[in-house]
Student: 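Sending over a structure as structure tokens; questions will come in a sec.
Scope of the values below: all heavy atoms of this structure, side chains included, with no hydrogens, waters or symmetry mates.
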Amino acid sequence: MTFGQALAEAVEEALAEDERVTLIGAGFGSAPLDEAREKYAARIKYPPIAELAYCGIGIGAAMCGVRPIIELSTGTFSYEAIPQIINEAAIAYSNSGGQTSVPIVFHMFHGIRGAGGVQHSGSPHPWYWNTPGLQVAVPGTPADAKGLLRWAALKSKNPTVYMNHTRLLNTRGGVPEGPFEIHFGQAEVSRSGNDVTIVACGIQVPRALEAAETLARDHGIEAEVINLRTLQPLDRVTMLGSVRKTGRAVVTDESHDNCGVAAGLAAIIADEAFTSLKAPVKRVSTMPVPVPYAEPMEDFVTARPDRIVAAVQEIVPGR
Amino acid sequence: MAVPVPAESALSLLQLMLRMRRLEEEVIHFQRDHQGLIRGHVHVYIGQEAAGAAGCSVLRKEDRLFTTHRNHAHVLAKGGDAGRILAEIIGRADGLCKGRAGTFHVADPALGILHTSAIVGGCLPLAAGAAYAAKLQGSGQATVAFFGDGAMEEGVFYETLNIAQLWQLPMIFYMENNAVLPGERSGRGSPSSEHSAEALSDIPQAFGVLTQHVDGTDAEAVLELMQDLVARSRRGEGPFFVESRTSRWPGNYGSVPSLVGGDTDISWAWDWQSAPEVVRRWEELSDPIMLYARKLLDRGALTIDRLVELDGSVREEMGHAAEFALNSPLPDAAGALEYAYA
Ligand SMILES: Cc1ncc(C[n+]2csc(CCOP(=O)(O)OP(=O)(O)O)c2C)c(N)n1
Ligand SMILES: [Mg+2]
């Protein structure tokens, strides 16, 4: 099934299984949700263009026993809601000494979608990963999309920023039958290999797999690909275990590099697996410039599979 | 009209509106006829031309204009080059922003359009900042912020309105309420479906801001109003708020704009009955260009022959502009890394 279908199933099942679940916004890109929108209309609100207020309203409702899923559509619109997400949702539990929890999901589409221009191509997840108190999910496969959203919407006690890449919506993959959840903090080994570890989340998972195929076919290099699924909590065990095995790591993410996801992961690897490393940890991120509109430039700055291949070749001796 | 618009000015206003229409039609042709040329969303200004044309025609080159995701025709009306606007929309090297901005963010700083945001409400405080600068510098420059009714759903609108009034900033908040029924354009007006205010124009009035309504399909009404407000803001008065009401073009109902009745046919000016059914009512009651052309024909300020000739020259200009854009090269990929810092 497609990523979009899996996402729709999770939303629909969450609404069906727990009547505390409510939606504020119900776009979800092209995810097929028409029936659910009708069936659960009483628990769905279509807000005005007022991200700051409707995110805050969701946070307040979550403090009072509702389980809101906020659909922000384009991820950069969440910048309009930063004061509520970062200054309120993230801190409430800690600040109350564990008394007030905020079980809410902020759903958004991020990334270079193709002609989004500078304001519709952003990847805000480092902002949220940089904020203690928030969970950050960045699914890479249709199964992730479903399992992670079900867990966040139905089980989690914490505020979750749930970041889908626009270009993943029509990708396909196997999804287990029936209801299932993927607990946060469980990475997946998407491909095994002994020569190098490629650490990825979201759209970088299929890109890393594509790079790994090229490396195997053209260069005889077997890469292991780790799909992190969530950044917070982070499955350090799986990631570091793979790096200790291969001794080499390329970290890739579609955010910018400064204080970005790839930078943060590389620091953890350098810190905790230093003695296993046979080469420096390499990072492949979106290049450090606001994402331009024209296709050649947009393509150029993207963390493309060929850039991942090149980064691997820098640290794996030629074959 | 207190003072009738001289025939020459009326014709140039009509011509500007036609240029705006034909520009946007070229954008839709790009999307319709060239697979992959327009890769994302585009927003066209069809149906709102009277507002942008009349509003900009009273501005000088150095005056500041801020616009939105629906910016193409505003930039043209402020004096932007059609070919370079179209080149920007398709991300070409000769675009006004070198292909980096695209349809959402067309700007022309040399013409006082310093930055275009596609974030709803994103430019409102910037416009207040430009007015603040004009006040500090005593430059007498006018500042007009065009924005949609949707921006009044965003908090930043209220914060900006409040400060603009507190600090008496010489700016014009020009709100384009673009989905009003024809019969309500000159009445109290219908708010957007997402707003609890009975009339959006009640809001600035509650802040004590001088507020005017105008039928945004009536070019001369907008002209008369903006002449007055811009003159006053040059003297340092303001802020002012305008609610400009237009009715949605039928081609704007789908997810992408589409020429549901074909290209605008200039004969609809004197014979709207011949327009295809999907657009007939709109051409009769709500197309600002047809309404104005009809008025000028009735008034004897224009003949059918002259109108047809005018339209022909506009089509020719826009045809050349489209060709210029299509022939403009794609920007160099590695140039992407330029301009992150000044
Ligand atoms: C902060 C933000 N939220 C959501 C959007 C998505 N969006 C683009 S246009 C639009 C509607 C704007 O309506 P209005 O201001 O009335 O302008 P119109 O399109 O009618 O000209 C929305 C919600 C956005 N661009 N920015
Ligand atoms: Mg509107």
Student: Please flag which part of A:Phe300 lies under 4.5 Å from any non-hydrogen atom of chain B: side chain, backbone, both or neither.
Tutor: side chain
Student: Between chain A and each of B:Ala151, B:Gly40, B:Ala101, count heavy-atom pairs under 4.5 Å; write down the option with the most.
Tutor: B:Ala101
Student: Taking the side chain as C-beta and beyond, is there a heavy-atom pair between A:Pro296 and B:Asp332 under 4.5 Å?
Tutor: no
Student: What part of A:Glu298 lies closer than 4.5 angstrom to a heavy atom of chain B: side chain, backbone, both or neither?
Tutor: side chain
Student: So for B:Ile38, is it side chain, backbone, both, or neither that comes closer than 4.5 Å to the heavy atoms of chain A?
Tutor: neither
Student: Go through B:Gly99, B:Gly335, B:Gly122 and name the one with the most non-hydrogen pairs under 4.5 angstrom from chain A.
Tutor: B:Gly99
Student: Answer with side chain, backbone, both or neither: which region of A:Leu52 has an atom nearer than 4.5 Å to a non-hydrogen atom of chain B?
Tutor: neither
Student: Using heavy-atom distances under 4.5 Å, tell me whether A:Glu80 contacts chain B through its side chain, its backbone, both, or neither.
Tutor: side chain
Student: If I compare all heavy atoms of A:Ala294 with all of B:Pro331, which pair ends up nearest, and what's the gap?
Tutor: CB-CG, 3.4 Å
Student: B:His195 vs B:Tyr158 aromatic rings, parallel, tilted or perpendicular, using cut-offs 30° and 60°?
Tutor: tilted
Student: In terms of ring plane angle, is the pair B:Phe147 and B:Phe157 parallel, tilted or perpendicular, where the classes change at 30° and 60°?
Tutor: tilted
Student: With a 4.5 angstrom heavy-atom cut-off, which part of A:Val118 approaches chain B: side chain, backbone, both or neither?
Tutor: both
Student: Relative to each other, are the rings of B:Phe104 and B:His43 parallel, tilted or perpendicular (30° and 60° limits)?
Tutor: tilted
Student: B:Asn71 side chain to B:Thr103 main-chain N or O, any donor-acceptor pair under 3.5 Å?
Tutor: yes
Student: Go through B:Gly95, B:Gly91, B:Gly121, B:Ala333 and name the one with the most non-hydrogen pairs under 4.5 angstrom from chain A.
Tutor: B:Ala333
Student: Does B:Ala93 offer a backbone N or O that forms a donor-acceptor pair with the side chain of B:Lys98 under 3.5 Å?
Tutor: no
